[in-house]
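Chain letters run A, B, ... following the sequence lines, proteins first, then strands; residues in each count from 1.
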Number of protein chains: 2
Amino acid sequence: MRMSDIIEEFIKDLFDDGSDAIEIQRNELAEHFNCVPSQINYVISTRFKPSQGYYVESRRGGGGHITIKKVNNDKEDYIMHIIKNIGDELTANDVDILISDFLSYDIIDTKEAKLLKVATSDNVLKLSKDLKDKVRARIFKNMLLNI
Amino acid sequence: MRMSDIIEEFIKDLFDDGSDAIEIQRNELAEHFNCVPSQINYVISTRFKPSQGYYVESRRGGGGHITIKKVNNDKEDYIMHIIKNIGDELTANDVDILISDFLSYDIIDTKEAKLLKVATSDNVLKLSKDLKDKVRARIFKNMLLNI
DNA sequence: CTTTTTGACTTTCTCTGACTTTCAACATAT
DNA sequence: ATATGTTGAAAGTCAGAGAAAGTCAAAAAG
């Protein structure tokens, strides 16, 4: 079996504890596998591309490291699923419930939550009941699509 | 973990009581972390730059010290200024112009831009002309307040 | 030919210490 | 009493050493 495949597998196993980001040290890992450090770069650039669902960051210098994040696209699936299930109308209360769900599933961050909430709040819309819930549904779904 | 990161964190924790300015003594801090004093300068110059929202002053000599102030960059002032100058109504075109200004001044990022735009677009609001521009103005201003 | 492996060279970030500058307090001379 | 000099206690600067990671092209393997 190829070195690269072994290293790939090793790195992927690091995600097994359920964390969505792991950190490695290039030299340390290279030493562990008895290969040159740049082999690690090779593995990362061929096996942990964005198109494969990973996002990579790094820092050089003393205490430097490489961080690999798993970007789960279940997020998008989940959002699409929600959007499909939101009808033509949405109350402010519905929005609150959805937002707190999203937050607890890490679908959105707190800033996005605030924006969603404020853009769809009764005070901001200030429309008649029948219009309000319809406009709110449209704004909410369209914003979600862009998160 | 790097020395610099630890010192950075320590200093940032000093702000935790809500104060917007803290004072340290370079030598004392260096001693506390068992590093050379100039390491403190390094941390300050790399982690407490104006672009990161901090303003630093110091005094040498007996009883000298370093003061670090948290400055809310004029980003907020600018946003407030804009909000005040937006009237009761706002067209989709106005929004486009404002958004591209914000982007070029780094007041918002592209994601926020998308959310602002989508939440205020004609297609999403789908309201009569007179209502539309009023609702749009309210949504836009309130979202801006939360960015 | 394509993918993998290797290593020489580069870039970035951190840490350190020697040397410099500034300030306040105290001392001395006019 | 005022001005000047001295000293010690800070903080500042800067360049070099060290610690990672990045790049790229040649060699090797498949």
Over 60° means perpendicular and under 30° means parallel, so classify the ring planes of H32(B) and F10(B), tilted if in between.
-> tilted

Whole-Å distance, F33(B) CZ to dT16(C) P, equals 14 Å

Residue met sooner reading DNA chain C from 5', once M1(A) and V43(B) are mapped to nucleotides | M1(A)

Quick tally for nucleotides 17-30 of chain D: nucleotides whose base has a protein heavy atom under 4.0 Å get B, sugar-phosphate-only ones S, the rest -, giving --BBBBB-------

For V118(B), the option from I139(A), L145(A), L144(A), N146(A) that meets side-chain contact (heavy atoms from CB on, under 4.5 Å) | N146(A)

Hey, does the side chain of E89(B) reach the backbone of A137(B) with a donor-acceptor pair shorter than 3.5 angstrom?
-> no

Just checking, is any N or O donor in the side chain of D17(B) or S19(B) under 3.5 Å from an acceptor N or O on the other one?
-> yes

Given atom CD of E8(B) and atom C1' of dC13(C), what is their separation to the nearest angstrom?
-> 14 Å

Worked verdict on T91(B) versus D94(B) for side chain to side chain contact (heavy atoms under 4.5 Å, CB included) = CA-CA 5 Å; T91(B) 66; D94(B) 293 338; 3.1 Å; yes

Value in whole Å for how far the P atom of dA10(D) lies from CD1 of I40(B) = 15 Å

Output yes when at least one side-chain N/O atom of Y42(B) is less than 4.0 Å from OP1 or OP2 of dC15(C), else no.
-> no

Take the angle between the ring planes of F102(B) and F140(B) and call it parallel below 30°, perpendicular above 60°, tilted in between.
-> parallel

Nearest-angstrom distance from the residue atom CD1 of I6(B) to C1' of dT14(C) = 13 Å

Specify the separation, in whole Å, of atom CG of D5(B) and atom C1' of dC13(C).
-> 11 Å

